Structure formats: C-alpha cells, structure tokens
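Just so you know, these numbers come straight off a predicted model, no measurement behind them. The first residue in the sequence is number 1, and the count goes up from there. Only heavy atoms go into these numbers, but all of them, side chains included; no hydrogens, no water, no symmetry mates.
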Amino acid sequence: MNDSPNPYRDLPSVDRLLADPRVSALAADRGHAAVAVVAREVLEGYRAAIAAAGALPHVTVVDAVLKRAETLRPSLRRVVNATGVIIHTNLGRAPLSRSAIEAIERVSTGYSNLEFDLDAGERGTRFSHLETTLCRITGAEAGIAVNNNASALLLSLAALCRDREVIISRGQLVEIGGGFRIPDVLRQSGATLVEVGTTNRTYASDYAEAITERTAAILRVHSSNFRVVGFTEQPSLSGLASLARERGLLLLDDLGSGAVLDTRAYGLAPEPLVQDSVRAGADVVLFSGDKLLGGPQAGIAAGRAKAIESMRRHPLARAVRIDKASIAALTATLDHYAKGDAEHEVPVWRMIALPFAAIEARAGRWADGCGAHAAVETCESTVGGGSLPGEALTSAACVITPPSGAETFAAALRAADPPIVARIHEDRVWLDPRTVDPSEDAHVLATLNGLLKASGDGR
Ligand SMILES: *Cc1c(COP(=O)(O)O)cnc(C)c1O
C-alpha cells in the first residue's frame, strides 16, 4: 500500500466501511448515524496521516473504526467496587437505596410538584419536600439542601457572615480534599477569617477574647479526614453555643459526614451526630448527603429558622441549588432514618453492619472458584469519604497471587464489563466482598475464573 501512486484512492468510502460485517454489527448496536460519524473521523485521520507521510498508515481502516467506536460507549459507567472502601469518592461515594432510586424515577419520568403548592394551586418551594423529615430526624427548626456541602458552607458564610468576622480554631483550618480549603471558602464568601488557638489546643477563652463588634459567627469544622491525638484541647460544642448566645453570635457547625446513626454500635470510633449538634445549640449544622448519610450528592443545612431563611433568600442559593432528582433521592434516604430501617435499606449502613462471617463466606466462595492462586485473608475495610480516619472494620478478602503480576491482573479486572476495581497490596490483588453487592458475585467469580484460565494460572 505504501508505494501506491495515490494513497488517497486506497481509502474506502464511508458506505463501504459501513457495509463491512464487523462495522455493520457495531452500527446495529450503537446506532448507524453515530458509527458513520466515527467512520468519517477515522477517514479524516487517515487523510491527515497521508498528507503528513505521503502514505497510508499500517492499521486497517476497519480496525481503526472499531477501536474508535469504543468512544461511543457511555464514559460514565457502573463499576464493581471490590476495594472495601465503603464511601469511595473516586467511585461515586454512596450507592443509593432502592427507594431512593425509585423516587428519582417517579419524579423524573414526568412532571412533578417541585415548586408547586398543590393545595393552594400556586408557586411553592423546592425545599418544602424534605424539610419536615429533615427536622423530624435532626430536631432542627428548619433546613434546606443545596448542591453539596462545600456550597452549603459557602452559602451559609455568604448569607450570614459577609463583610464580618468569623472565628475559627487553628486546628480546624483544614483541607477537605481536592484542594477545598476552609480559609479559601471563607475568603470566597466575603467573610473575614479570625484564627484563634493553636494547631493542637484551643480553649473557649481563645474564642471569647477574639470577639469584636465585627464578629458574626463562630465556625466549628469537624476534622473529618485526620486525627489529632495526644496533647489536644477543643471546647465542647455546647460550650461554644453558650458563648455564642451570650455574645449575640451565630454558631455554625460543619460536620462534613453527617452521621445520624451511631458508628460506635458497629465497633467504630464515634462520629459526631447531626442531632447532637442541633441539641448542643448550633444555629446551622452543615453536612453532606452522600457521605455517612448514604444519599445523593447534596449539602444539607439544618438549624434555626431565621438563619436557614437567610440562606434560602441569598442570591447564591440559586447558583448552588439542588435538582429535583436529588431532592427525591435525599427525601427517600431521610425517610429511612425516620422509619428506622436505615441499617437495612441504606447501602452504606448495610455494608458497615455486615457481619464478618458473611463476608468471609463470600470471599471463600470467590477463592474456591479460582483454584490454587487464591486464598481468603483477613483484612480491613475503611469507611472512607473523609470520615473516620484510621478506623477500620475487620473484613475478609479473596486474595489472588497472579503469576502475571498484580498490576497486570488488576488492569485486566478493570477492563471487564462492568469493570472490577480491586486493591493491590504486597504484589497481590485483594477483593473485599463487603463493598460488592451480592448480585454482582456471579460477575466477579466469572471474571476471576476467565482471567486465571486465560493466563493458565492456577488451573
Ligand atoms: C466532605 C466535607 C466537606 C465537603 O462536602 P462535599 O459534599 O463533598 O462538598 C466540607 N466539610 C467537611 C468537614 C467535610 O468533611
């Protein structure tokens, strides 16, 4: 082909490409028009390559079309999380409960009363749907939900503290993740940061001494993703609440994770509970929808009616507003706590609550199906999502020692459909059933089997 006098003439037409049996099978699956676009893009690439090199590239055009057609597959896909990290931010944080998914479907298939008061027949508010349940669970007077907790924090500071001072302990000037830093958020909101105390010790008196006529609020940020141990001191939230009340200030509490169930019941360290912060007297309690709450991405603010109302009315509220699908899923998630079935119905809590013996039995079944290169080992699952640092749940894993090497084997698992994401530790591949839905067991087992057979490993 390279010595053709006119290499352009060797290029097939789009029609001829689409008539190729492999390409036409693909077109039947992915859509004729979409595959035709891909074929044109490939031919365009060939023409450019010929223009640059004066000859046809060596890859056949059909193979190039099939390869490029992989881009027609949705990029965002379901994956199997075999890492044992329950709230895995890179893997989409919290899986939703069945009723949360059904709620999304109900309000997204047709129209809904999102901002319509059916009794009055006039405009309503999108926040009304979740407020009653949110208040019932947390004990707060009022509440709203926005896009995520970062925006809830930004909105609370902008609405309640703009052009005024906010006092925060130096031990709480943290980076949450992805470069999200508390001092930066404060600056963005138009509030002025006043740091008090030291990294390890801050006293109530430090806060008291920093109060001026410009002070609007005290902000407490839960150090959710790290732990300060040893010679440490932070005043209690109720102590800060008394101080704020005496001096006419607001107390904002950014909990991050927002647990409603007590983690101690599952052998974990205590994670502050939303209802405890409300009871202790915080004016606004902020937390994520998709961390320990186990719902959709959202930022929730629960607290005093006046403060919440100011947030609701602020122009930024529109920029960070939550959509109807998330409201539906969030309300359904909150309902599980109201009904008392969260431990069984909310996947995050179901995974936290899984008994070791059940996990070990599944890991055993996976290993049994894999032959000589697999074993069951005790390991640790983490809650993840920037909560409960250093805390782990005892778990069991199916551990593969692939002769092909751990990296190669893990990459092959990721190439499965749906992809399986495992952990590599000491040059072995660890698969923890805790974070794998039992309905995915057959796929995991078949994939492991297929890969080990293909490489002749352990059979
Ligand atoms: C995770 C976290 C946030 C950010 O929440 P997103 O919902 O991810 O925006 C804010 N503050 C704290 C303390 C957190 O742990």
Side-chain angles (χ1 to χ4, degrees), residues 77-95 225 263 266-269 292 294 347-459:
R77 301 157 67 193
R78 177 186 186 121
V79 307
V80 175
N81 173 14
T83 64
V85 180
I86 297 173
I87 304 170
H88 198 306
T89 297
N90 299 153
L91 301 184
R93 286 203 184 153
N225 55 4
T263 47
Y266 307 92
L268 292 164
L292 277 172
V348 163
W349 288 96
R350 194 163 60 221
M351 291 184 227
I352 288 176
L354 272 179
F356 174 78
I359 300 170
E360 190 184 34
R362 282 170 68 203
R365 280 196 292 279
W366 295 1
D368 286 348
C370 292
H373 289 284
V376 177
E377 303 233 5
T378 304
C379 67
E380 291 187 333
S381 314
T382 52
V383 174
S387 48
L388 295 161
E391 287 291 307
L393 295 154
T394 304
S395 204
C398 167
V399 185
I400 314 271
T401 314
S404 53
E407 297 285 350
T408 308
F409 194 82
L413 285 173
R414 292 196 305 273
D417 185 19
I420 299 169
V421 183
R423 230 160 24 92
I424 297 174
H425 178 59
E426 292 174 343
D427 208 32
R428 296 190 298 166
V429 179
W430 297 62
L431 297 108
D432 184 339
R434 185 188 292 274
T435 48
V436 177
D437 192 85
S439 67
E440 298 169 321
D441 279 20
H443 169 60
V444 171
L445 194 48
T447 306
L448 289 175
N449 243 309
L451 288 177
L452 289 169
K453 216 176 272 170
S455 60
D457 290 357
R459 289 268 126 189

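Counting only heavy atoms from C-beta outward, the side chains of Ile424 and Glu407 approach each other to under 4.5 Å. Contact annotation: the side chain of Cys370 approaches that of Ile400 to within less than 4.5 Å [non-hydrogen atoms, C-beta and beyond]. The shortest side-chain heavy-atom distance between Arg77 and Pro419 falls under the 4.5 Å cut-off. When side chains are defined from C-beta on, Leu413 counts as touching Leu451, because their heavy atoms get closer than 4.5 Å. Side chains of Pro418 and Val79 form no contact here, defined as non-hydrogen atoms less than 4.5 Å apart. Inter-residue side-chain proximity for Leu393 and Leu268 is flagged as met; some heavy-atom pair is nearer than 4.5 Å. Residues Leu452 and Phe409 meet the side-chain proximity criterion, which asks for heavy atoms closer than 4.5 Å. The side-chain heavy atoms of Thr83 and Trp430, taken from C-beta on, include no pair separated by under 4.5 Å.
Using a cut-off of 4.0 Å between Lys/Arg side-chain N and Asp/Glu carboxylate O, Arg423 and Asp432 are scored as not salt-bridged. Ion pairing between Arg78 and Glu440 holds under the 4.0 Å rule for side-chain N and carboxylate O.
Here the closest non-hydrogen pair linking Glu391 and Gly267 is OE1-O, 4.3 Å. Minimum heavy-atom separation, Ala363 to Ala397: CB-C, 3.8 Å. Heavy-atom minimum distance, Arg362 versus Asp441: NH2-OD1, 2.8 Å. Glu360 approaches Ala396 most closely through the heavy-atom pair CA-CB, 3.6 Å. Considering every non-hydrogen atom in both Val376 and Ala367, the closest pair reads CG2-CB, 3.9 Å. In terms of heavy-atom proximity, Pro402 sits nearest to Val429 at CG-CG2, 4.3 Å.
Once rounded to the nearest 0.5 Å, the distance linking SG of Cys398 with CZ of Arg365 reads 12.0 Å. Interatomic distance, CG of Leu448 versus NE2 of His443, reported as 9.0 Å (0.5 Å rounding). The CG atom of Leu354 lies 9.0 Å from the OG atom of Ser381; values are rounded to the nearest 0.5 Å. Rounding to the nearest 0.5 angstrom, the gap separating the CH2 atom in Trp366 from the CG atom in Leu445 is 9.0 Å.
When the options Ile86, Val80, Val85 are evaluated for a side chain to side chain contact (heavy atoms under 4.5 Å, CB included) with Thr435, the one that passes is Ile86. The side chain to side chain contact (heavy atoms under 4.5 Å, CB included) test with Leu431 is passed by exactly one of Ile420, Val421, Val436: Ile420.
Looking only at distances, a side-chain donor or acceptor of Arg434 sits under 3.5 Å from a matching main-chain atom of Met351.
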* Report the C-alpha separation of Trp349 and Thr263 in whole Å, then their side-chain angles, then the decisive distance to 0.1 Å, and conclude whether the side chain to side chain contact (heavy atoms under 4.5 Å, CB included) test is met. => CA-CA 9 Å; Trp349 288 96; Thr263 47; 3.8 Å; yes
* To do: Just do the side chain to side chain contact (heavy atoms under 4.5 Å, CB included) check on Thr382 and Leu388 with the steps written out, would you?
  => CA-CA 8 Å; Thr382 52; Leu388 295 161; over 6 Å; no
